[in-house]
J.: 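One structure, pasted below without further comment.
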Amino acid sequence: MKSEFLIAVTQLAAERNLPQDMVVTAVEAALASAYRRDNAAGAQSNVRVRLEPSTGEVEVFQLKTIVEEVENELAELTLSEAKKLRKNQELAIGDVLEFEMEAAQVAGRIAAQTAKQVVIQRLREAERELVYAEFAEKEGEVYSATVQRGYGGTVTMDLNGRATAVLPPVEQAPTERYRPGMKMKVMIREVTRTQRGPEIVVSRTDAELLRRLFEMEVPEIYNGIVEIRGISREPGSRSKVAVHALQDGVDPVGACVGLRGIRIQNIVNELQGEKI
């Protein structure tokens with residue numbers, strides 16, 4: 001069992017691109033849930049499982065809360081009882097004590113299928129939380145995306161294999177056509193939690209997308225030598241950008257246009273011909 005746990009944790013972490021400690025937590029929760037479900041008294045017990053990933057050794061603990069009056073002997077005990085069991089420990093009402101159980105005995109009661117289902121569910125939740133945490137910090141930033149498909153006017157996009165985003169009609173440029181497999185830059189407008197996981201809304205029309213593209217293509221803007229004072233944009237048609245040099249001797253327009261217009265042309269190409 002030890003080798004099986006160790007191999008399973010390592011494989012799950014690699015396959016799902018998750019931290020190993022997150023996978024270990026999911027497995028521990030699955031084992032505890034399976035025990036509570038399959039053990040006659042488990043439903044009334046509080047159980048915690050600790051898995052040592054380096055050895056695969058499993059430790060199982062029964063948790064009991066210190067209360068004034070015991071209603072559930074499997075999950076509660078009085079303060080006087082607790083002090084007898086933990087003589088050298090300062091205790092108070094509400095504290096939770098752990099009592100180690102026989103791991104072999106518990107392991108024999110665990111249904112593998114139940115544990116597997118809980119592990120999968122926990123890992124999905126962990127993946128969703130990782131995706132949310134990653135992209136919630138990137139609102140307003142530009143990300144590379146690949147068009148997957150469109151339905152009802154909404155386009156779904158893959159964000160470098162890390163997540164799926166939606167490009168609603170209101171965020172689409174009127175002149176653009178989105179074909180499966182197309183790669184383009186999008187601005188992450190909003191990231192929200194839903195029951196099915198994080199929903200990432202991206203935009204191709206926001207003026208901030210144009211600002212970010214200039215920052216990516218023009219080092220003088222990125223480094224603060226040239227400043228964008230204002231942007232007026234008609235998505236897919238034309239845009240006007242006001243720039244100002246903060247350093248003497250720098251031509252702000254020339255810096256944005258680039259040698260033979262290469263910088264501005266790269267931005268125009270990214271916006272599928274939008275005039276700037």
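Only heavy atoms go into these numbers, but all of them, side chains included; no hydrogens, no water, no symmetry mates.
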J.: Is V257 reachable from M216 through a run of I, L, V, M, F, W or Y residues, each pair having side-chain heavy atoms under 4.5 Å apart?
T.: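 Yes, it is one cluster - the side chains of M216 and V257 are joined through contacts under 4.5 Å.
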J.: Which is it for S144 and K185 under the side chain to side chain contact (heavy atoms under 4.5 Å, CB included) test, yes or no, and what are the steps along the way?
T.: CA-CA 5 Å; S144 296; K185 297 285 194 304; 3.7 Å; yes
J.: For residues C256 and V243, report the shortest heavy-atom separation together with the two atoms involved.
T.: SG-CG1, 3.9 Å
J.: Are M182 and I267 connected in a single hydrophobic cluster, I mean Ile/Leu/Val/Met/Phe/Trp/Tyr linked by side-chain heavy atoms less than 4.5 Å apart?
T.: no
J.: I'd like to know if the side chain of T175 pairs up with that of Q272 as donor and acceptor (distance under 3.5 Å, no hydrogens or angles considered).
T.: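 Q272 and T175 do not have a side-chain donor-acceptor pair below 3.5 Å.
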J.: With heavy-atom distances below 4.5 Å as the criterion, would you say the side chains of L210 and I276 are in contact?
T.: yes
J.: State plainly whether one hydrophobic cluster holds both V186 and V131, where clusters connect Ile, Leu, Val, Met, Phe, Trp and Tyr through side-chain heavy atoms under 4.5 angstrom apart.
T.: yes
J.: Quick one: side-chain hydrogen bond (donor to acceptor under 3.5 Å, both in side chains) partners of E129, sequence neighbours excluded?
T.: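 Once residues adjacent in sequence are excluded, the partners of E129 under the side-chain hydrogen bond (donor to acceptor under 3.5 Å, both in side chains) criterion are R193.
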J.: Would you please test I66 and L77 for side chain to side chain contact (heavy atoms under 4.5 Å, CB included) and show each step?
T.: CA-CA 5 Å; I66 300 176; L77 76 169; 4.1 Å; yes
J.: Can you tell me if Q265 and N269 form a side-chain donor-acceptor pair at under 3.5 Å?
T.: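 Their side chains do contain a donor-acceptor pair, which is all the 3.5 Å distance test asks for.
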J.: Do L209 and R233 have side chains that approach each other closer than 4.5 Å (heavy atoms only, starting at C-beta)?
T.: yes
J.: Is the NZ atom of K275 crowded by more than 12 outside heavy atoms at less than 6.0 Å?
T.: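 Counting neighbours around NZ of K275, 12 or fewer heavy atoms of other residues, nucleotides or ligands fall under 6.0 Å, so no.
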J.: Which salt bridge (charged side-chain N to carboxylate O under 4.0 Å, His left out) pairs, counting each pair once, include a residue from residues 250-268, with sequence neighbours left out?
T.: E220-R263
J.: Side chain of S203, backbone of M187: donor and acceptor closer than 3.5 Å?
T.: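 It does not hold such a pair.
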J.: Is there a side chain to side chain contact (heavy atoms under 4.5 Å, CB included) between I264 and F214? Walk through the geometry before answering.
T.: CA-CA 8 Å; I264 198 68; F214 267 96; 3.5 Å; yes
J.: Can you list everything that forms a side chain to side chain contact (heavy atoms under 4.5 Å, CB included) with T78? Sequence neighbours excluded, please.
T.: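 Side chain to side chain contact (heavy atoms under 4.5 Å, CB included) list for T78, sorted by chain: V70, S80, E81.
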J.: How far apart are the closest heavy atoms of V226 and P252, and which atoms are they?
T.: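 So the minimum-distance heavy-atom pair works out to CG1-CB, 3.9 Å.
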J.: Assess the residue pair Q148 and D158 against the criterion (side chain to side chain contact (heavy atoms under 4.5 Å, CB included)); give the C-alpha distance rounded to whole Å, side-chain angles, the decisive distance to 0.1 Å, and a yes or no.
T.: CA-CA 6 Å; Q148 290 182 321; D158 174 66; 3.5 Å; yes
J.: Side chains of T192 and E199: closer than 4.5 Å at any heavy-atom pair?
T.: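 Yes. Closest side-chain heavy atoms under 4.5 Å.
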J.: Would you say that more than 12 heavy atoms from the other residues, nucleotides or ligands in this model lie under 6.0 Å from the CZ of R149, or not?
T.: no
J.: Is V218 reachable from L271 through a run of hydrophobic residues whose side-chain heavy atoms are each under 4.5 Å from the next?
T.: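 Hydrophobic grouping puts L271 with V218.
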J.: What are the two closest non-hydrogen atoms of V96 and L63, and how far apart are they?
T.: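 Smallest interatomic distance, heavy atoms only, reads CG1-CB, 3.9 Å.
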J.: Can any side-chain N or O of D206 pair as donor or acceptor with the backbone N or O of E208 at less than 3.5 Å?
T.: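 A pair under 3.5 Å: yes.
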J.: Can you name the ring-ring contact (aromatic ring centres under 6.0 Å, His included) partners of F135, sequence neighbours left out?
T.: Y143
J.: Strictly distance-based, threshold 3.5 Å: is any side-chain N or O of E139 a donor or acceptor partner for the main-chain N or O of V191?
T.: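 Yes; at least one donor-acceptor contact below 3.5 Å.
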J.: Report the hydrophobic cluster partners of I262, with the cluster defined as I, L, V, M, F, W, Y residues connected by side-chain heavy atoms closer than 4.5 angstrom, directly or transitively.
T.: none
J.: Considering only residues two or more places apart or on different chains, which pairs with a residue in residues 164-176 satisfy salt bridge (charged side-chain N to carboxylate O under 4.0 Å, His left out)?
T.: E171-R189, E176-R204
